[in-house]
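Bear in mind that the values here come from a model prediction, so they are computed numbers and not experimental data.
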Amino acid sequence: MSDYIIEMKNIQKHYGDFHALKDVNFNVKKGEIVVVCGPSGSGKSTMIRCINKLEEITQGDLIVNGKNLADKSTDINKVRQEAGMVFQHFNLFPHKTILENITIGPIKVKKMSKKDAEAKAMALLEKVKIPHQASKHPGELSGGQQQRVAIARTLAMEPDIILFDEPTSALDPEMIGEVLDVMKSLAKENYTIVCVTHEMGFAKEVADRVVFMADGEILEENTPEEFFNNPQNERTKQFLSEIINH
Amino acid sequence: MSDKLNKYFAQHRFLYYVLNIALIVSLLKLFQVTSYPEANFSEVLTAGNIKFMLFGMEDEFGGLMLTFYLAFVAIILSFIFGSILGIARWSDIKIFKIPAVLFIELFRAIPHIMVIFWVFFAVPIFFALIFNIKVTTSALTSAIIAFTLFESAHIAEIVRAGLNSMPKGQFEAAKTLGMNSWQTFTLIILPQAYRRMIPPLVSQFVSLFKDTSLVYVIGVVEFFRAATIINNRIYMSFELLSIAAIIYFICAFTLSQIAGHLEKKVEKQINT
Amino acid sequence: MGYEFDWTVLLTYKQLLIDGFVMTLKLSIIGIFLAFLIGSFMGLARVSKNFFVSLFATYYVEFFRNIPLIVQMFFIYFSFTLTDSFPFLEPFGDWIGIENHNEFFSALIALITYTSTYIAEAIRGGIQSLPKGQTEAAKTLGMNYTQTMYFIVFPQAIKIVWGPITGQFLNLIKNSSLAMTIGVAELTFQTQEIDSLTFRGFEAATAVTILYLFLTLFTSYVMTLINKYMLIKTASKGGSQR
């Protein structure tokens, strides 16, 4: 048994003829905080979506929390409870209230009682600083608030791993901060976090490791200091210079 | 597995079409063998009967030919009338809009066979009342009038929806080029709107084709009536109605497959 | 030559109109209910990941949609004696006050099969128009296929296509008029009845038209109310917590 909570060995992923992930090797230790960055189409979203099997790999070994995803006997729903995901477009359920959005997973999947689930949900809403929105519907909230609800919804399932797929890319600039604050506070707790993002400030502040991907391959990975101050790969240097010039 | 099959069939549409028809016919055959083993199709499918179902009576126009004729004439008339109605319904000019709304809502709320009865029975009465003339319309003419009335109501709604789906930017662009309403409509809006309307319009045509069977009630000898007339003579309803069902299925299914094909071709010309 | 209107025949024969209206109601209410159930099932089956389930549903829809309703009614009525094949229809028919069981149930079954195909297609459209993110979010919470469909996809799909579904219910009510061709004494049948008794077809047709208008408008109204109620229900459910 390795002490890696996520193990990706020689991962290949094809969409028809398009080779989206080329021999990707990516391992994450328990409690580690990894930021994945890179240009559009680099495969970073694809890679993270393979971890909870929203995308299926063509070849390779994928082991999440000790369970091999290719194994027929693996209960994928269980794996997904352990590896929660926060989406770029929030994906809250518009026909349910905020409270129901957060409690539906615990009640229906984890078979928690309604009372317990709701108490927990309210505590989580306190944590993301919007307890007064509990009875509203997602459509009534701002983007930043919706994303915080999405994070609370994921936390309600008590995952070991949290996957963030460009959580702030769809937000207006003034709302990015409130979501990043929540993510930073999560970084201080025991969660393993894999975050695809363009927010380099976040990476510098909390990441244990930064991974750079382009054209379906991992080109460089290092600690934040080394990554930002001492990039080795040409492509990395090019990417960083383009980001900073904005 | 189903994705690969879907892809294969998308490229080999004719094969898909033939396979479907074969499958439906085999299912019916299977059904017949299990629940009605004594069915005798060869007795029913004599040359005389087939001729009757396809072409109707000796010196008259009838049968399946009449079915197609009725459908085509009705769709053309109701397309013209329905377009006018639809534009009137969509416009904001009260004197066009309100009569259009009343007409459309009325003919969408009444069952189709009631409209057929109305036209067949009421038109002579109407003329007798207002103009004091004795008018007899043939069943076929009544049928065409009735179809035009209710189909144009449906087409008007399709036209209205199509016009509503046009992005406002198109109207604005035409305006900024200095076009007047007529030019905007005929050169920019209608060509695009009608391309969007092709799918619902064709499905309305298929619907109309199936509705031709309704004129049974006023005695028009189109395909369905022809089949029932034979049935009244030889009392082999299972066989005759199965044949009727299969023929209608093949025709309607073919029309909707053609529709799908047209849809694909026009897809690129629509901007959403 | 003129035509003398005689509207009093409607009063004399009002029982016929009432009987016809009730018969139309019976066909419509049972028809709508079962067509919706079967249509929902077929719509869900159409989008199933299981190849054979979706194939079955596809053929069901294509088969019953392309054959005209009147042909279906005739086929069932003339080819089978329903009360022999399904004996439970006899007591059921008595319970809802039907005399001619075979005619009624032939018409009803045809109405249901025909309308369910359109409802199935509407629901399939609703399900497919739902953004993929909804099912992805449900998956990431660990919901299985059934839970995702039941709690997240189907409720939203129904709301999206409530308009078209209402349209199909109205179509069923109008199509119930075809039952007269196999002898069911519903509203349109009564037009002919009154006409044959009094030669006042115009008045009869007017009355029947008004009754159909009333029925369709009322149904539209009820469907709009249900739509509003569905929204209100989801909004207040959250407020009653704590």
Most contacts with chain C, counted as non-hydrogen pairs under 4.5 angstrom, among [options]:
options	value
A:Pro94, A:Ala83, A:Ala156, A:Ala119	A:Pro94
A:Ile104, A:Asp75, A:Ile76	A:Ile104
A:Lys115, A:Lys108, A:Met85, A:Lys78	A:Lys108

Can you say whether [X] sits under 4.5 Å from chain C via the side chain, the backbone, both, or neither, judging by heavy atoms?
X	answer
A:Arg49	side chain
A:Phe93	both
A:Leu92	backbone

Contact class of C:Gln134 relative to chain A, heavy atoms under 4.5 angstrom: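 Both the backbone and the side chain of C:Gln134 come within 4.5 Å of chain A.
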
Whether over 12 other heavy atoms sit under 6.0 Å from [X] [atom1]:
X	atom1	result
C:Tyr59	OH	yes
A:Glu140	CD	yes
C:Phe218	CZ	no
A:Lys184	NZ	yes

Can you give me the closest heavy-atom contact between A:Asp165 and A:Ser45, atom names plus distance?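 Heavy atoms of A:Asp165 and A:Ser45 come nearest at OD1-OG, 2.7 Å.
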
Please report the C-alpha distance between C:Tyr145 and C:Ser48 in whole Å, then the side-chain angles of each, then the deciding distance to 0.1 Å, and finally whether the side chain to side chain donor-acceptor pair (under 3.5 Å) criterion is met. CA-CA 10 Å; C:Tyr145 186 75; C:Ser48 161; 5.0 Å; no

